[in-house]
Amino acid sequence: MVCLGNICRSPLAQGILENKIQSNKLDWTVDSAGTASYHVGELPDQRSIMTAKEHGIDITDQRSRKVTKDDFDHFDLILAMDASNYNNLRSMVHAEEKVSKVKMILNYAYPNENRQVPDPYYDGGFEKVYKMLDEACEKLIVEES
Ligand code: 4NP
């Protein structure tokens with residue numbers, strides 16, 4: 001799960017998918033990262049922590065990190081929150097089998113529409129972001145399991 005800062009959207013996405021992995025008894029690993037390093041080492045944004053908590057999900061074990069080229073070897077899917085993340089991720093690698101791992105997460109819920117998860121850092125909207133990610137992760141579980 002990749003966004004810009006790895007403190008708002010992708011930590012929520014990680015927490016939501018971890019929760020669904022557990023309830024579906026799947027043997028999957030999920031992690032999150034940012035394309036930027038502004039917040040490396042930090043906890044998720046308090047608003048993401050509170051939104052997750054309201055849905056019974058604890059994301060306080062997460063710390064922001066920057067996405068690396070190694071992630072393209074270790075993960076089958078690299079899921080971008082918005083078009084900027086998507087373009088940045090795809091330009092990190094050259095091999096087609098790695099480039100094609102990058103997908104827009106909302107395409108699981110709205111195929112081929114390339115909808116974006118809005119950045120809630122400045123203007124808020126964390127609950128709306130939560131609902132979008134929850135819907136996409138529900139479809140992801142069905143499609144990929
Ligand atoms: P995120 O949100 O990409 O969902 O983690 C942001 C977090 C921090 C900043 C921008 C977006 N920032 O500019 O510091």
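When a ligand or atom number is given, it counts from 1 through the structure's own listing order. All residue numbers refer to positions in the sequence shown, counting from 1. What you see below is based on every heavy atom in this structure, not just the backbone, and it leaves out hydrogens, waters and symmetry mates.
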- Message: As an exercise, identify every atom of ligand 1 less than 4.0 angstrom from a heavy atom of C8.
- Response: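 Those of ligand 1 that fall under 4.0 Å from C8 are 1 (P), 2 (O), 4 (O), 5 (O).
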- For I7, counting its heavy atoms only, list the atoms of ligand 1 lying under 4.0 Å from any of them.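 Here the atoms of ligand 1 in question are 5 (O), 7 (C), 8 (C).
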For [atom], what is the closest protein heavy atom, and at what distance to 0.1 Å?
{"atom": "atom 2 (O) of ligand 1", "answer": "D119 OD1, 3.3 Å"}
{"atom": "atom 13 (O) of ligand 1", "answer": "Y122 OH, 3.5 Å"}
{"atom": "atom 1 (P) of ligand 1", "answer": "C3 SG, 3.4 Å"}
{"atom": "atom 6 (C) of ligand 1", "answer": "Y121 CB, 3.6 Å"}
{"atom": "atom 8 (C) of ligand 1", "answer": "H39 NE2, 3.4 Å"}

N/O to N/O below 3.5 Å, does that happen between [X] and ligand 1?
{"X": "Y38", "answer": "no"}
{"X": "G5", "answer": "yes"}
{"X": "L4", "answer": "yes"}
{"X": "N6", "answer": "yes"}

- Check whether any side-chain heavy atom of E42 sits under 4.5 Å from a side-chain heavy atom of R63, and report yes or no.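 E42 does not reach R63 side chain to side chain.
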- Heavy-atom closest contact (M104 atom, R115 atom, distance):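 What the structure gives for the nearest pair is CE-O, 3.5 Å.
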- Query: Sub-3.5 Å donor-acceptor pair from the side chain of N19 to the main-chain atoms of G15, do we have one?
  - Reply: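 Such a contact is absent between N19 side chain and G15 backbone.
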- Going from CZ on R9 to CG on D119, what distance comes out if it is rounded to the nearest 0.5 angstrom?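 If I round to the nearest 0.5 Å, the distance is 4.0 Å.
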